[in-house]
Amino acid sequence: MWQALVNAGARPAGTLAQTAMRIEKRYLSYGHDLDTDISPLQAGLGFAVGWDTDFIGRDALLAQRDRGAQNRLVSLVLDDSDAWPHGHEPVRLGDQIVGKTTSAAFGFRVGRPVAIADLTDPAARAEGARVLLDIGGDPHGATVTNRPAFDPDGSRMRG
C-alpha cells in the first residue's frame, strides 16, 4: 500500500503539516476550535445536528436556532508572511477586542499565516473585514474570510 501511494505521488507529512492543512481548509478541531463554550450553530455545524432525534440540550439548541444564532468561526489570512500566530491571540476590530484565534499555522499552500478565530462581533465576521491580531504585543493585519483559505469551493477535494 505504501509503495502504491508513493508511486502515485504521495509524500509523507508530519503532524505540523497536517495541522497547517487542516487550518487552511478550516477543518475544526475539538479542543482548539470547538469546545463546550460554542454550540454547533455558533460553529457553523448546524447541518450536522440530528434535529429529528432526542438529545441532551436539544431544546436549548432549538431555541438558539430560533433566535437566529450565527456562525462565529472565521478564517483569517494574515498580511505579513513572517508573522507566526499560535492560537489564542486577541483579535481587534478598530480598538475593540472582538474575539480570539483558536488555531493558527503557516499556510504553505496559500503562502501566508492562517488562523481560525472565534469572533463575537458580527461586523468583524463580515467577508473581507480587516482586523488586527495581537501577536506578542505586535499588531498584525488580517483579512476575514468565511470560507477556507485554501480550495474554498472544495473542487480539489472532489477532483
Item to check | Taking every non-hydrogen atom, the tightest pair across A123 and A129 | outcome: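 Taking A123 first and A129 second, the nearest heavy atoms are O-CB, 3.9 Å.
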
Next on the checklist: Please find the pair of heavy atoms, one from A105 and one from A20, that lie closest to each other, and give the distance.
Outcome noted: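 Smallest heavy-atom distance, with atoms named: CB-CA, 3.8 Å.
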
Sidechain-backbone polar pair: [X] side chain, [Y] backbone, donor-acceptor under 3.5 Å:
{"X": "R130", "Y": "G141", "answer": "no"}
{"X": "E24", "Y": "V114", "answer": "no"}
{"X": "R125", "Y": "V74", "answer": "no"}
{"X": "R22", "Y": "Y27", "answer": "yes"}
{"X": "T120", "Y": "V98", "answer": "yes"}
{"X": "R109", "Y": "F150", "answer": "no"}
{"X": "T101", "Y": "I116", "answer": "no"}
{"X": "E127", "Y": "N146", "answer": "yes"}
{"X": "R112", "Y": "D79", "answer": "yes"}

Next on the checklist: Would a single hydrophobic cluster contain both I23 and L34, if residues Ile, Leu, Val, Met, Phe, Trp and Tyr are joined by side-chain heavy-atom contacts under 4.5 Å?
Outcome noted: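 Yes, one cluster joins them.
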
Checklist entry - Do the side chains of L119 and L78 join up, straight or via other hydrophobic residues, at under 4.5 Å, putting them in one cluster? => result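 L119 clusters together with L78.
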
Checklist entry - Taking side chain as C-beta onward, heavy atoms only, is T19 less than 4.5 Å from S103? => result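 No. Closest side-chain heavy atoms not under 4.5 Å.
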
Checklist entry - Atom CD1 in I135, atom NE2 in H140: separation rounded to 0.5 Å? => result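 The CD1 atom of I135 sits 4.5 Å away from the NE2 atom of H140.
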
Checklist entry - Roughly how far apart are L132 CG and D95 CG, rounded to 0.5 Å? => result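 Reported value, rounded in 0.5 Å steps: 10.5 Å.
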
Item to check | T102 side chain to D118 side chain, donor-acceptor N/O pair below 3.5 angstrom | outcome: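 No.
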
Next on the checklist: Does atom CG (L5) have a neighbourhood of more than 12 heavy atoms from anything else shown, all under 6.0 Å?
Outcome noted: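 Above 12, so yes.
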
Next on the checklist: Holding to side chain to side chain contact (heavy atoms under 4.5 Å, CB included), I want the full list of residues that pass it with T15, two or more places apart in sequence or in another chain.
Outcome noted: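 Only Q18 meet the side chain to side chain contact (heavy atoms under 4.5 Å, CB included) criterion with T15.
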
Item to check | Under the side chain to side chain contact (heavy atoms under 4.5 Å, CB included) test, residues paired with D151 that sit two or more places apart | outcome: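 Side chain to side chain contact (heavy atoms under 4.5 Å, CB included) list for D151, sorted by chain: K25, D153, S155, R156, M157.
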
Next on the checklist: Whether R72 and D37 form a salt bridge (side-chain N of Lys/Arg under 4.0 Å from carboxylate O of Asp/Glu) is what I want to check.
Outcome noted: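 Judged by the 4.0 Å cut-off on N to carboxylate O distance, D37 and R72 do not form a salt bridge.
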
Checklist entry - Hey, what else clusters with W84 if you join Ile, Leu, Val, Met, Phe, Trp, Tyr whenever side-chain heavy atoms sit under 4.5 Å? => result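 Taking Ile, Leu, Val, Met, Phe, Trp and Tyr as members, W84 shares its hydrophobic cluster with F106, F108.
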
